[in-house]
Every structure is written in structure tokens, then in C-alpha cells.
Amino acid sequence: MLAEGASVIDVGGASSRPGSVEIPLEEERKRVIPVVKALHDRFPEAMISIDTWRAAIAGEAVDAGASMVNDISAGLMDLAMLRPWLPARTLCPDAHAGTPRKMQHAPFYKNVLAEVVKFLSERLHAARQAGIADVVIDPGFGFGKDRDHNYALLRGLPAIKQLGVPVLVGLSRKRMINEVLGTRPEEALNGTTVLNTLALLNGADILRVHDVRPAMEAVKLLEAWD
């Protein structure tokens, strides 16, 4: 991934996909801390992100070499996460969808874009109040949202950009692609590249992907076009 141009390596040991079940803290620790340490020792120049909602895991990962925290709950699942001892750069995704086990049970919004912007604004304020200087926001594609919600957010990225911080999108091989194209996740690379390109055109700053090289090619071509 680094050789193909990845800027950040995101390490997570507990799935947050819709329908997933929470694992014990000790199991998560056993899965991720040695990996973070090994990556930091082998690639000291690499920026490592720890994907966890648990403050204890985040703190240990930072001590092991992580420099970013990717908290899918934006500090709501563990209130200790919003403390100034955490690193300055924090990924702060959308969390109003609820827990992973239930988030896809008939999600409903009166106005998905307005509700997501409001939520992210509130969590951004909470992070600032906690002394966290650098925040990245993620509208949470596929988390507590159906296909129409996801495409409304993709079209609405310019409104999310108005919050004034970098925007991360995670579209890679997700259901919003497969439902439209009739593909399986392993067949969704082309669809992923199309949506990544649309996201970049709409103002996305960071792409969270499985396939680094195609994503970097999209970035480079758009830079040449611009």
C-alpha cells in the first residue's frame, strides 16, 4: 500500500460494518497493538491510523506509533476518547446511525444531508472543546443509510465541506455500488473508481480504499485535469 502511494495506513481489529458484533477489549488489543508497533518499527516514516472507538486502545496504539485515531463513534461510544492527550489528528466519522448491529434496520431521515451536517458540526465542536486541534470528518457512507441516502450525501459533499475541515470518504466496494450495478464486492473496483472520482470532484480530501493504486491514479488524473 505504501509503495502504491498510500498516505495513511489504517489499522483496525474490530469490524464496524453493518451487522457486526462487538468484540472484547482484550481481543481488540491483541489484534491491533502488535501490528501498529510492527508497522511503526518497519516503516517509521509512515502515518498510521488506529481504527477504534475505545480510548484505552487508542492510547496504547499512539504509544506504539499511531499518529491518528479513526473513531467511528466520534467520541460518543467512549467519552474518554475526547481528551487532549490523544493525538492532534483525529478521524471523526459519522456516528448518528447507531451501533453496527442495528444501523441498517430501516434507516430513516427527513433530510439526510442536513442531519449529517448537523451531527458532524456538533461532533466537530465537541472535539474542539476537548482540545483536539486537527479533525477529519467522514459522512459515513453505508452506515445507517440506504442507497438513496448514500447518493444524496455524495451529491451533498460541497455542503459538508462548508464545515471547514478535511473530508474523508469511504466508498470502496460498498453496497451502494453493488445495488446499482448488480455486482459483488470483489467485482466493484470499477464502480469504486467512478464514485471516488465523483467524490474528489465534489470536494473530498481523503479516500479510504482497499485498492490503493487505482485510487491514486484517479487522484493523479484529476490533478492533471485541474
Side-chain angles (χ1 to χ4, degrees), residues 1-16 28-75 78 80-95 120 123-124 126-128 130-141 143 157 160-161 163-173 192-193 196 199-200 203-223:
M1 288 180 173
L2 291 170
E4 291 182 355
S7 301
V8 181
I9 301 297
D10 192 39
V11 178
S15 177
S16 58
E28 184 180 3
R29 174 184 286 123
K30 183 171 65 175
R31 292 179 184 182
V32 299
I33 301 304
V35 175
V36 171
K37 186 177 187 309
L39 284 171
H40 181 63
D41 290 346
R42 175 66 179 82
F43 306 103
E45 74 287 354
M47 183 175 289
I48 301 170
S49 164
I50 177 66
D51 181 351
T52 185
W53 56 264
R54 291 179 165 121
I57 299 295
E60 291 181 37
V62 169
D63 291 340
S67 56
M68 302 176 73
V69 176
N70 177 3
D71 176 9
I72 66 157
S73 83
D78 185 347
M81 188 67 86
L82 292 183
R83 297 202 313 219
W85 57 265
L86 283 172
R89 295 179 178 84
T90 301
L91 302 186
C92 188
D94 167 273
L120 292 174
R123 301 318 299 159
L124 177 59
R128 295 280 192 251
I132 301 173
D134 297 323
V135 179
V136 176
I137 54 175
D138 177 350
F141 289 99
F143 290 85
L157 282 177
I160 296 172
K161 284 283 291 183
L163 293 174
V165 295
V167 175
L168 177 149
V169 300
L171 301 162
S172 184
R173 300 181 182 269
T192 295
T193 301
N196 280 340
L200 292 168
D205 300 285
I206 304 171
L207 302 175
R208 189 178 191 274
V209 301
H210 299 96
D211 311 280
V212 175
R213 188 184 299 277
M216 287 304 302
E217 288 175 350
V219 170
K220 290 176 181 177
L221 288 170
L222 281 176
E223 287 176 345

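Both backbone and side-chain heavy atoms feed into the values below; hydrogens, waters and symmetry mates do not.
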Could you tell me the separation between the [atom1] atom of [X] and the [atom2] atom of [Y], rounded to the nearest 0.5 Å?
X      : Y      : atom1 : atom2 : result
Ile72  : Trp53  : CD1   : CH2   : 9.0 Å
Ile57  : Asp71  : CD1   : CG    : 12.5 Å
Ser73  : Leu82  : OG    : CG    : 8.0 Å
Leu168 : Asp10  : CG    : CG    : 8.5 Å
Thr193 : Leu171 : OG1   : CG    : 11.0 Å
Met1   : Asp211 : CE    : CG    : 8.0 Å

Kindly say whether Arg173 contributes a backbone atom to a donor-acceptor pair with the side chain of Thr192 at under 3.5 angstrom? yes
Can you tell me if Asp138 uses its side chain to pair, donor with acceptor, with the backbone of Val169 under 3.5 Å? no
Minimum-distance pair of heavy atoms, taken over all atoms of [X] and [Y]:
X      : Y      : value
Val209 : Ser172 : CA-CB, 3.9 Å
Ala66  : Val36  : N-CG1, 3.7 Å
Glu28  : Arg54  : OE1-NH1, 2.6 Å
Pro139 : Leu120 : CA-CD1, 4.2 Å
Ile50  : Ala58  : CG2-CA, 4.3 Å
Val135 : Pro166 : O-CD, 3.6 Å

For the NZ atom on Lys161, are there more than 12 heavy atoms of other groups (residues, nucleotides or ligands in this structure) within a distance under 6.0 Å? yes
Heavy atoms, side chains only, cut-off 4.5 Å: are Ile206 and Val167 in contact? no
Would you say the side chain of Met68 lies within less than 4.5 Å of the side chain of Ile48, judging by non-hydrogen atoms? no
So, using side chain to side chain donor-acceptor pair (under 3.5 Å) as the criterion, who are the partners of [X] when residues are at least two apart?
X     : answer
Asp78 : none
Asp51 : Arg208
Arg31 : Glu27
Arg29 : Glu26, Glu60

Taking only residues two or more places apart in sequence or in another chain, which ones pass salt bridge (charged side-chain N to carboxylate O under 4.0 Å, His left out) with Asp63? none
Taking distance alone, no hydrogens or angles, what donor-acceptor pairs closer than 3.5 Å link side-chain atoms of residues 212-223 to residues at least two apart or in another chain?
none

Side chain to side chain contact (heavy atoms under 4.5 Å, CB included) evaluation trace for Leu124 with Val165: CA-CA 9 Å; Leu124 177 59; Val165 295; 4.0 Å; yes
